[in-house]
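One structure below.
Below, chain A is the first sequence line, B the second, and so on; all start at residue 1.
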Amino acid sequence: MKNRRPLSLRVPAPETRPGDEPDFSGVPLSGAGEVARPAIDVRPRDISELSYALIRVLDDEGRALGSWNPKLDPAVMKHGLKSMLVTRAYDDRMYRAQRQGKTSFYMKSTGEEAVSVGAAAVLERDDMCFPSYRQQGLLISRGYPLKTMMCQVYSNAEDPLKGRQLPIMYSSKEFGFFTISGNLGTQFPQAVGWAMASAYKGDDRIAASWVGEGTTAEGDFHHACNFASVYRAPVILNVVNNQWAISSYQGIAGGDEATFASRAIGYGLPGLRVDGNDFLAVYAVTQWAAERARANLGATLIEHYTFRAEGHSTSDDPNRYRPADAWKSWPLGDPIARLKKHLIAIKAWSEAEHEAAEKDAVEQVRAANKEAEAAGTLGTHPPSVKTMFEDVFKEMPWHIRRQRQEAGV
Amino acid sequence: MKNRRPLSLRVPAPETRPGDEPDFSGVPLSGAGEVARPAIDVRPRDISELSYALIRVLDDEGRALGSWNPKLDPAVMKHGLKSMLVTRAYDDRMYRAQRQGKTSFYMKSTGEEAVSVGAAAVLERDDMCFPSYRQQGLLISRGYPLKTMMCQVYSNAEDPLKGRQLPIMYSSKEFGFFTISGNLGTQFPQAVGWAMASAYKGDDRIAASWVGEGTTAEGDFHHACNFASVYRAPVILNVVNNQWAISSYQGIAGGDEATFASRAIGYGLPGLRVDGNDFLAVYAVTQWAAERARANLGATLIEHYTFRAEGHSTSDDPNRYRPADAWKSWPLGDPIARLKKHLIAIKAWSEAEHEAAEKDAVEQVRAANKEAEAAGTLGTHPPSVKTMFEDVFKEMPWHIRRQRQEAGV
Amino acid sequence: MPAMNMIQALNSALDVMLTKDPNVLTFGEDVGFFGGVFRVTDGLQKKHGLTRCFDTPIGEAGIVAVAIGMGAYGLRPVVEIQFADYIYPAYDQLVSEAARLRYRSAGDFTAPMTVRTPYGGGIFGGQTHSQSPEALFTHVAGLKTVVPSTPYDAKGLLIAAIEDDDPVIFLEPKRIYNGPFDGYHDRPVQPWAKHPASEVPEGHYTVPLGKAAVLREGNDLTVLAYGTMVHVALASAHDAGIDAEVIDLRTLVPVDIEAIVASVEKTGRCVILHEATRTSGYGAELVALVQEHCFHHLEAPIERVAGWDTPYPHAFEWDYFPGPKRVIEAMRRAMEA
Amino acid sequence: MPAMNMIQALNSALDVMLTKDPNVLTFGEDVGFFGGVFRVTDGLQKKHGLTRCFDTPIGEAGIVAVAIGMGAYGLRPVVEIQFADYIYPAYDQLVSEAARLRYRSAGDFTAPMTVRTPYGGGIFGGQTHSQSPEALFTHVAGLKTVVPSTPYDAKGLLIAAIEDDDPVIFLEPKRIYNGPFDGYHDRPVQPWAKHPASEVPEGHYTVPLGKAAVLREGNDLTVLAYGTMVHVALASAHDAGIDAEVIDLRTLVPVDIEAIVASVEKTGRCVILHEATRTSGYGAELVALVQEHCFHHLEAPIERVAGWDTPYPHAFEWDYFPGPKRVIEAMRRAMEA
Ligand SMILES: Cc1ncc(C[n+]2csc(CCOP(=O)(O)OP(=O)(O)O)c2C)c(N)n1
Ligand SMILES: Cc1ncc(C[n+]2csc(CCOP(=O)(O)OP(=O)(O)O)c2C)c(N)n1
Ligand SMILES: [Mg+2]
Ligand SMILES: [Mg+2]
């Protein structure tokens, strides 16, 4: 058995780096409408090929095709389109605010708006979302006040989180938006627990959670899938595969070896891969998973195939590790442009309406920002310092009270 | 969308409980030789059905069938059989020793001996095993002195681990047996790191690790699979599905929803399920995985389908949570009886030889135990107390030295 | 009033709360059908049903995470970590999540949950069934840490922990599950039945979190202890013939500073006991608090008697366990300084 | 000798060791092609190759576990945890495995590995990019914990850590990566170039683990600090006009007890500083050690200045950070007591 060849360590690397032309030849491109929609009570093992395909509804001409077509009322689509426009305008404005020194940090969701806005259109208001930090579209779709979001970003006196959280780490129980954690992945099994609680109580609410493809490597991803499977929790587990985790491409998370949707297979869960830039497909797949959950059939894992159009955050410069302007050649396009094309194709929308909606989005954001800035930007009108000592516990214990006294507040 | 049916929480439960007849109708029973052996450089996705089948070589008549038949030299099989006999005799003796108060704790591997003894027959002496606590068969097959094992169990002055570890938590670098951890699953990703190191160095050694099916729920299982996949580590990841994790059946670990072998699929690893009571099948599958690893093709996950014949440990009474004598009706039989039958069928063995080998095993154990007991049982001849303060760090720092002085040793 | 050992008292606390509040449920490894490896949840599944007391996968992080989600929903989960030595995989969920939820959401989301776990040595459990990790929780803002030392307190404190709206780490001294252990391992072990604190009411009552108990009054020396070490302290004070005041802290965070200060101001001497490794153990915080609050009353250096800064070795149970010999030596040093 | 900031010094340490020892390799989230979010591994992949400096999946437990396996093989892995706030998922592997391997195998297997991680506040990182978890490691028998405060020490200590045969937690005070920060956030920030300790030799040298440095001699008061707080201590002593001796501990375990005792016996007063939350912080251990060793020399209660027992809130960076105002107050209290 000896006389063996030496082994070597394989470290995955992406096809292209700065200076190269982006190469998206590996992107799966099943045609719109090609993949069939199974019944919600299908045995997961019988649909494992859906973990490798790509569920798409909208084709390049803006037509909605196939059995996954959710056949939405145009009003729902228009609300989705507008929410995506507002999300993009909001991201742009807040990004600039950070550059202007009005806050310390910001993270955009540009290019991935359909992932959260599409889901928001399916979920009920009393369902609970356990987001990562790139699902601001959920709050915006659900009508959470932009100004309040901005006050959070500015950590000002009107920030409902009292300046405690890093910008973008919103929280609103009222809007079914669970408090965002800086620690990746922790919310995934928490969502499962929340869903188990709903089932335990005999209620009808379901939960949904989102992690990036990079975050699937955390142990909590495994716990979420496993507990969801064992207790058949009514939860939708979303993996947003935007191809990048800060500077590391999806192959470092294991994506070159198998799809993230296929992680579901080993837990006996359905794992669906969807074109994350196709609002209708995201809607349809989320709806399928929601119906399944509500029918007490348990959890679904969804991989949203999309692309992080910009830097990871304001602290990041993507041109250091990937070809410049990579998003421009992303074969699945821009979710806003694609839904717009569809609405125009079915004559529910026009270029003029779109232009007006774009302007309106920018204007809404501008107006909200004016109010938010009036309430203060980072450091100008902070919440009262004494609130720093509150809410560690329900009742303030003696040692924290003493520290507050020491701080003189 | 309202007016929905209430949800309910599903908690899995086994088919049978104490008082019931054991029901093994769910056990997969593909016939011996039925499953074909793929080439080692197969694309994992093309053999995903092997995660659901059961690779078997020995049939009920003791014939070795099919393309997985490793066609072993009878000497190898006899060594395996004898190692299993010694393992069983060792387990029995040590179990009694605990009952006699000679040590605090013991764990048997009865019924699962083929899992470790079969692997030991494939792996080279300089490959590293990262066992859980039920692979004593590895050490025994590799010729590690029984007396030394017993000294560990007795925490006596000749215990190479100086009385520090709970009984059965052996360690021997020389015999390629990594120090056993009391914390479940931690060794699984460590084995991957060790294998990555071998590849990094351009060496040709591979690693293997074992966890119970219950332990697959730990985050470390996920890390092991993921890192092994990403870096194509030369490692064999074994899941010993002995159906029970202390009192909880494999469904609590997710086994009712999918096989443990199928966990491999989502990482793009081959996942094989093997009859763990079939020495030849365990050998063959391990050999396939070892060849694959040595050919720089990366890791394999193997589910060994077997049954924990006795209690979880000496602290456990299985009759409190499962039908009494369940093992008697286990459809995959006893690994020793099955290999014996095969050796007799091919005329390489006889009842008389078997009886002699059984006696010899008991005798070896008896003799070793006599020596070990002479060196002390728990509390009678412990190692020197001052060793308690050694090996926390390579050099003893002042604070530990001071504590040693305070202890007066 | 029935005499209960600590296991029965804890079981009774869970039974009372499962009966009283439909939002209480309990789960963990082997806690369901089997009733837990230490039998604390014995009979609860049968009595209250499969969804109220159940087995979980072996994934401590998952167990705690799921409990956090349930807490956020409005339930009051009580989870068992089979041994405190196995709580580390759940450490991130406890520290980054359970402890932070209320703060970071400004009270919008909370995690009213209790994490029960047997801790400590004295049972020949070796290094991975003997650890005392309390200091790893007392350092974390947002967690309460509780350690009972008698059946009566165990039940009352556990009910208080379950009813508390903050996450509570509830450390159960497994050495005294069945009887009070005074550290004299070579003497016959007493069952709880002979101890007054084994008289445990059947129904609902609480022992408040944050309140220590003076178990022995004395004028010359203050001993601060919790869990098993409380019994070692009592035996040692008795055997040393020292007029020591023995305080059972019961809650480590928030600690009952008033009880500590009142005693040390009276005695001027202090010995602190725990099983955990000495360096950066909770004893260090107690030393710091005592010297900060009572500096001018102190007549001798505060003594710490603790586990050695090594793992807990199987063969050396009684060399490692901080028993009466070491405790009495420390008391004498404190008296003579 | 080139002037280096702390990032360059750490990069140089890694470069020197990668060049010198083929068994050294480094990996972590974003450390490969990109060179780390703080750029500490910048250029190392390009220079030393893909297998010697590479990216990992986002799984801290996996990163540490893999390093343990590599250490057992005979390599000397250096891993980066992107922020100390994200080390908790790896806590079990560090505490139950890295720290225990040598002991439980009686020296048969060891884990010579270094875990680098940026810690501490002062960068508006909010509660999950500002934590100081050192006490969670100092309590663990089998781990060494190191915190540099200058570029010179950072390089020398990191090389010593990599060459050490025990696992080392190497906490990098991120606030002073680019310049020494004295806590006066409203004054202009100095670059390292103006500081003498930015003169860093290009080649191999070590600063020994376990040895503190007296950075300012004084007779009236001893200040114990590490990391960023060393610079706050120096500025505060200067501004308060107190003849304080400032000791930079550099290694927390094993701590340089001789340096501490020599100083406190001389001064009789002691102030301890850290950014971590106060309760059960490493300061508690220092208080305990000082009062145990120097009780009869102490003229005032030992003071602790530390982070509040709350998470580190984004909006209150300077209210939370234990800056000169609080440090000077504590010094004055210690002097006046
Ligand atoms: C436990 C933990 N480890 C590391 C980090 C640092 N970090 C923040 S975002 C990020 C990348 C996440 O990538 P991905 O999951 O793909 O999400 P995306 O940013 O692409 O939406 C990393 C490593 C963290 N926040 N938490
Ligand atoms: C991290 C951790 N959690 C819990 C335990 C307690 N424990 C020891 S063995 C065991 C059951 C393991 O079952 P399985 O993995 O199926 O292995 P088997 O005993 O069947 O071989 C449990 C829960 C532990 N040792 N470590
Ligand atoms: Mg991503
Ligand atoms: Mg098992």
Side-chain angles (χ1 to χ4, degrees), chain A residues 1-2 4-12 44-45 48 51-52 124 195-206 216-223 225-227 229-234 251-254 256-269 271 293-296 298, chain B residues 1-2 4-12 44-45 48 51-52 124 195-206 216-223 225-227 229-234 251-254 256-269 271 293-296 298:
Chain A
M1 245 312 223
K2 277 291 177 182
R4 296 178 306 217
R5 286 213 324 246
L7 295 162
S8 63
L9 184 66
R10 190 277 295 259
V11 177
R45 222 184 119 185
S48 57
S51 298
Y52 302 95
E124 300 285 323
M196 286 170 69
S198 175
Y200 168 86
K201 295 288 283 183
D203 294 343
D204 60 8
R205 303 163 73 190
I206 67 172
T216 60
E218 289 289 359
D220 279 337
F221 174 82
H222 177 58
H223 294 300
C225 294
N226 198 29
F227 278 75
S229 165
V230 168
Y231 302 105
R232 220 164 271 173
I252 293 292
D256 285 351
E257 304 301 308
T259 67
F260 295 99
S262 73
R263 291 274 165 88
I265 297 172
Y267 303 97
L269 297 176
R294 293 202 205 282
N296 233 331
Chain B
M1 247 309 223
K2 278 292 178 179
R4 298 179 305 221
R5 286 214 323 247
L7 295 162
S8 63
L9 185 65
R10 191 277 296 258
V11 177
R45 221 185 120 184
S48 57
S51 298
Y52 303 95
E124 299 285 324
M196 286 171 69
S198 175
Y200 168 86
K201 296 287 283 182
D203 295 342
D204 60 8
R205 303 163 72 191
I206 67 172
T216 59
E218 289 289 359
D220 279 337
F221 174 82
H222 177 57
H223 294 301
C225 294
N226 198 28
F227 278 75
S229 165
V230 169
Y231 302 105
R232 221 163 271 173
I252 292 293
D256 284 351
E257 304 300 308
T259 68
F260 296 99
S262 73
R263 291 273 164 89
I265 296 172
Y267 304 96
L269 297 176
R294 293 204 204 280
N296 232 331

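Heavy-atom distances place no part of A:Phe260 under 4.5 Å from chain B, backbone and side chain included. Within the 4.5 angstrom heavy-atom criterion, no atom of A:Ala261 approaches chain B.
Of the inter-residue distances, the one linking A:Leu7 atom CG with B:Arg294 atom CZ reads 8.0 Å to the nearest 0.5 angstrom.
Looking only at heavy-atom pairs under 4.5 Å with chain B, the residue among A:Glu218, A:Lys201, A:His223, A:Arg45 that has the most is A:Arg45. With chain A as the partner, the residue from B:Tyr52, B:Phe221, B:Phe227 showing the most heavy-atom pairs under 4.5 Å is B:Tyr52. When each of B:Ala295, B:Ala195, B:Ala217, B:Cys225 is scored by its heavy-atom pairs under 4.5 Å with chain A, the top score falls to B:Ala217. Comparing B:Gly298, B:Pro6, B:Ala253 by heavy-atom pairs within less than 4.5 Å of chain A, the highest count is held by B:Pro6. With chain A as the partner, the residue from B:Ile206, B:Leu269, B:Ile252, B:Asp256 showing the most heavy-atom pairs under 4.5 Å is B:Ile252. With chain A as partner, the option from B:Asp220, B:Thr259, B:Thr216, B:Asn226 having the largest number of non-hydrogen pairs under 4.5 angstrom is B:Asn226. When each of A:Ala293, A:Gly271, A:Gly268, A:Ala197 is scored by its heavy-atom pairs under 4.5 Å with chain B, the top score falls to A:Gly268. In terms of heavy-atom pairs under 4.5 Å with chain A, the best-connected choice from B:Gly219, B:Ser229, B:Ala199 is B:Ala199.
A:Pro234 and A:Arg205 get closest at one heavy-atom pair: CG-O, 4.5 Å. In terms of heavy atoms, A:Gly266 sits closest to B:Ala258 at O-CB, 3.4 Å. Minimum heavy-atom separation, B:Tyr267 to A:Glu257: O-CB, 3.5 Å. Taking both residues in full, the closest heavy atoms of A:Asn296 and A:Arg232 are given as O-CD, 4.0 Å, listed atom of the first, atom of the second, then distance.
Between B:His222 and A:His222, the ring planes lie parallel to each other; the angle is under 30°, not in the 30° to 60° tilted range.
At least one side-chain heavy atom of B:Pro12 sits under 4.5 Å from a side-chain heavy atom of A:Tyr231.
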